[in-house]
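The block underneath contains the structure these notes are about, expressed in structure tokens.
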Amino acid sequence: MHHISRRGMLAGAAAVALGRRAIAQGAPIKIGLMLPFSGTFAALGENIAAAFELCLAERGDRLGGRAVTLVRLDDESDPAKAPQNVNRLLERDKVDVLIGTVHSGVVMALVQAARERDVPLIIPNAGNVAATRELCAPSIFRSSFSNWQPAYGMGKALAAKGVKKACWVTWDYAAGKESGEGFRDGLRSGGGELIQVLTLPFPETNFQPILAQLPGLGVEAVGSFFAGGGAVQFVKDYAAAGLREKLPLCGSGFLTEGVLKPQGAAADGIQTALHYGDGLDNAKNTAFRAAFKQKTGRDADVYAVQGYDAGQMIAIGLDATKGDATAVKPLATAIQAAKIDSPRGTFTLSPSHNPVQTIYLREAKGGENRVIGVAADALADPGTGCKMNLP
Amino acid sequence: MRCATLRGNLLLAVAALVVACMPFYASPYHMQLASIAMIAAMFALSLQLLVGGAGMVSLAQAAFFGLGAYTVYLLGRTLGRPPSILVSLPASAAVAGIAAALIGPFALRTRGFFFLMTTLAFGQMLFFVFHDTPIGGGADGVFIQRPDLGFALTRASRTPVFLLTDLAVLAAMYAALWWLMHTLFGSVLLGIRANEDRMRAMGHNVTRVKLAAFVIAGALAGIAGHMAALNDAFVNPELLGWHRSAEALLIVLLGGIGALHGPILGAFAYTLIGEFGRSITERQRLVEGLVILAAVLLLRRGLAGLRFAR
Amino acid sequence: MTAALQAVGLSRRFGGLLAVSDVSLELSVGELHAVIGPNGAGKSTLVNLLAGEIPPTSGSVRIDGQDVTGWSAWRIARCGIGRSFQRTNLMPDMTVLENARLAVPARHLWRRLRPNHPSMANARSALARVGLADLTDRIAATLSHGQLRQLEIGVALALQPKVLLLDEPLAGMGPEESEAFAGLLRELAQDHAVLLVEHDMDVVFSVAHRMTVMLDGRVLARGAPDEIRASPAVRDAYLGHDV
Amino acid sequence: MQLAGLFAQVLNGLQYGLLLFLISSGLTLIFGVMRVINLAHGSLFMIGAYLAYALAGITGSLWLALPAAVAGGALFGAALEYTLFRRFREREHLDQVLLTFALILLFEEARSALVDNQFHSVAIPAMLDFSVRVTADFAYSAYRIAVLGICLGVAALMFIGVERTRVGSAIRAAAENAEMVDLLGIDARRLHTLVFAVGTALAMLAGALAAPLQSVYPGMGDGFLIISFVVVVIGGLGSIAGAFWAALLIGLIDTLGQAYVPQAAGTAIYVLMAAVLLFRPAGLFAKG
């Protein structure tokens, strides 16, 4: 007992004496991966983590000259437990960098910690706009998308095809609402109008009451945001209600992302917009997909790409500070200035730290979300309300 | 409700002292863990008043907890600046208590199973209000401005200060309930738990006493929620979900139904078991499920039944 | 003088069954009124109607002239109606004293109870009256059957009622205990209005001032014990029964 | 158009309500007869759906999955009653709540370990995989109509079972007064096993029927659990008829609410429940 505590004290004293130099030379940098490894989003969490590890492995598991230790923590997609889980990583495991997460409620606790304690955070999925709008901070970056972006692309593409009136169907929650606003803005940019938003409580899948209303609205197209089981069911029910031929269904890319197999023929011909898609022809993508397949035995998807790019972004930042994660300002400046060579195509970051990226128009066919064009080029989230005060 | 004897209370005081001295010897992580356990203890204490006091098993308690937490957010949003804790703490208690006073008259028209189902449904209704409407900032939850404690906090002092604040509130809540259970109200409550019909025949307005207990318990849960909001600076609709009520019931059972100090023991035990479980497996629900099964099957009188109760 | 308790035309229907049919009754302080009748005659239902446990289908109940029909049980209890139950109905895990104290009318719900609280004295005197003065600190569940029956009445007395509704207080007692109980009943009748439902005919005829005989929910006969004993109608009705 | 739209919505409401009836009738029976509160009832629904998913995957047809869900549910329910619930009948509500809460967690964990955490869709049987045009521009899936029919059939069987048979009269008696069962000369323990088996089978059948309608995914039973509680509160404890009418009422209110007054839809059923509690605390269809 006595012995241990003395050793602890000695180690502490040494760290104080050596200061920053010790960081640069010896001790590994600790990265906390707070992701869902159980529950509904487990598959997403696994793909993000695997691609992140892949990115590190390509760099010899060293960032900014320091070895890397990964600490995985299952957030269970439970927002109620999120503050406690973040504390675990920061206080118990003493991580230097946070990577997470999928669930947009859980990510709020991460954003909170990053803001309060200036810990670098890279969000590899959760798209709630607030994280890179009013809650933006120098230490917070996103490698994925804001909910607004893909839907904006879809709206724009729809308006470009001459659609004047459309409606938006979604769950009554933040992601649905925010993507609806993107869709509206996209439509408007091309002279179209969003005339109605139809919602049902999350995560209900009783779509019948909404489907029965659609024919009477007088719209030319229906846009929607659903994900996971809801997306499967909505697409199938939409087809079963005989609406597919009369009212083209389109949406934010998650409507058909990773769910084409269960959707089957009902999804054929649905156009969606997302920052990634099947058949993207660039060298980086080809190499990435091969490496990911080799590592995991699974095909890469948009979540893997986001996890991979989170790794690239933090690598750029830590390289610039020689592995010092506490130097938030130079770290942020480096990431902000970088061009990230992503499998989705090169992207940069907006002043509010959200990717400025191409949104592709895709069409579901034969189990693939094939890229058929560009819905919006170099699209940045407006970043409304972001007041970035560099420390 | 069995209240701890003098010796038991002394032991609790010693335990409080051990917690109060944590800033001198424990890591911030362990202090936070202790804070989490103490907030869980407050929440479970509020439920103990219902379960151990009047035998009312409510599944709406988390809704009052969440209301207390959300009150801090709504207060900060309305004021445009962090409210003083002297305002926010009573406000959280009042809002949660008023909600309990509105739901109580409906829920208390039922007994037993129906009471359970009704509280479950009303609790979920409140959950949906915060989950599906913009009132509370939406389904993802919102940051809140922490209540102002009256002095400035640094990043380093935050954890120990919150620890001591939580400890003070928990101690005050325990003392208040100890006093309450020693009043006539307390013994009438116990009488209702033992034999509701006879209490009626004895001239007691059982419904009103139960309503008073329901409101007090709601207000106390609101205070627990307020402390959670202070600690996390973040609120989320999930705080109101009925799973959280069930967890609090587990803490009550773990600590011992009808022992006033039980929830405190139960909350610390539950937090420790959770930490231990996390260190051995990622299957958290398996651990929690098995702990509950074991508690229900084996620990009939809870931890308090093992130690220092009359 | 108004009666302490007055029932007019009380009826209660359960589904298709008329459990109590058009029963009227008057009770004054100083009087012990016994209700007898075979099982299922509606005696317990009558007690429950008078105590407000269940509302009557028709008819009315007055306490000291005040109409209390349809009032809930606790309000009726507060008007001065104490009752004991056919099956012992107490708080088994509490002490004898605690059981009685809970029944003592008290305000100041929020005041801390101290051992010398006035309600304690009232509870003790009620217990002394039923002969439990020495057992006040025993847990109720540990009492003998006879002691529990005493406590049933003790709890009802602690309410400081004007009217006592006693539903088979002697159930399950031996002859000696019954004897002692008869004395207690006589004593209680001096300063209360007592309604006694009882099967032990020896005791009933020895303590009652007036009697009502019920059959199938209605009043078959009413009068002084001697008149009841002599009534041919009652004899007919009880043929085959244990009188 | 308005009238046609309303017709489609009413159809939706009925179909949703009937599915609710299958779930809540089991719940109300178990409450009524055994006085046991089962929070894991929603999980049984989920298990039924996953069973249908698994069997439909193996056999390629949902038609085998339906009787399998019923049979499997009956067996599973009987086993649960025999091993666990029997012991908890006399326990306090708190213990029952926690036991069934533990079951929810364990069932979820088992599902996660045995299947996975993905959502899976279940194919509609080929012979019903077409749509029936109900209005000029809205079609209704034939499978939904079949579900409507099956649920009505089950409801009719339940009515006959409860109203016309000796076991049924024991069930009705038990719902009103548990001690009456002994008087009827029926072994209460066997009755309990039977009731729990039937309740579980109904929940699992509902899950199997719903699988093609809403896919299978983790936690799919949670929403149904709460709504079923509301149905039982409104319908009255242990009353099959009450559960039937209350389920239809809630199905219609929820569906029409979502269609015509979406702002109020989320809370409408709770307002209804509060009103019922205020005016008829024993339930809308309770006797007396």
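Throughout, a chain's letter reflects where its sequence line sits, starting with A, and its residues are numbered from 1.
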Quiz item: Where does C:Met94 contact chain B at under 4.5 Å (heavy atoms): side chain, backbone, both or neither?
Solution: side chain

Quiz item: Quick one: CE on B:Met56 to CG on B:Leu211, what's the gap to the nearest 0.5 Å?
Solution: 8.0 Å

Quiz item: Mind checking which of residues 87-98 of chain B sit less than 4.5 Å from chain C, heavy atom to heavy atom?
Solution: none

Quiz item: Is a side-chain donor or acceptor of C:Arg62 paired with a backbone partner of C:Val68 at a separation under 3.5 angstrom?
Solution: no

Exercise. Only counting residues at least two apart or in another chain, list the ones meeting salt bridge (charged side-chain N to carboxylate O under 4.0 Å, His left out) with C:Asp191.
Key: C:Arg129

Quiz prompt | Proximity breakdown for C:Asp93 and chain B, heavy-atom pairs closer than 4.5 Å | solution = neither

Practice problem: Check whether C:Gln160 gets within reach of chain B through its side chain, its backbone, both or neither, counting any heavy atom under 4.5 Å. | Solution: neither

Quiz item: Of the backbone (N, CA, C, O) and the side chain (C-beta and beyond), which part of C:Leu90 lies under 4.5 Å from a heavy atom of chain B, both, or neither?
Solution: both

Quiz prompt | Partners passing ring pair (Phe, Tyr, Trp, His ring centres under 6.0 Å) against B:Phe214 (at least two apart in sequence or in another chain) | solution = B:Phe64

Practice problem: Please determine if B:Arg109 forms a cation-pi arrangement with B:Phe106, meaning its NZ or CZ atom is less than 6.0 Å from the six-membered ring centre and no more than 45° off the ring axis. | Solution: no

Self-check item: Proximity breakdown for C:Leu159 and chain B, heavy-atom pairs closer than 4.5 Å
Solution: side chain

Quiz item: Which pairs with one or both residues in residues 63-86 of chain C pass salt bridge (charged side-chain N to carboxylate O under 4.0 Å, His left out), sequence neighbours excluded?
Solution: C:Glu53-C:Arg83, C:Asp64-C:Lys162

Self-check item: Where C:Met214 and C:Leu46 come nearest, the two heavy atoms and their spacing
Solution: SD-CD2, 3.9 Å

Exercise. Would you give the length of the straight line joining atom CG of C:Asp200 to atom CD1 of C:Ile36, rounded to the nearest 0.5 angstrom?
Key: 11.5 Å

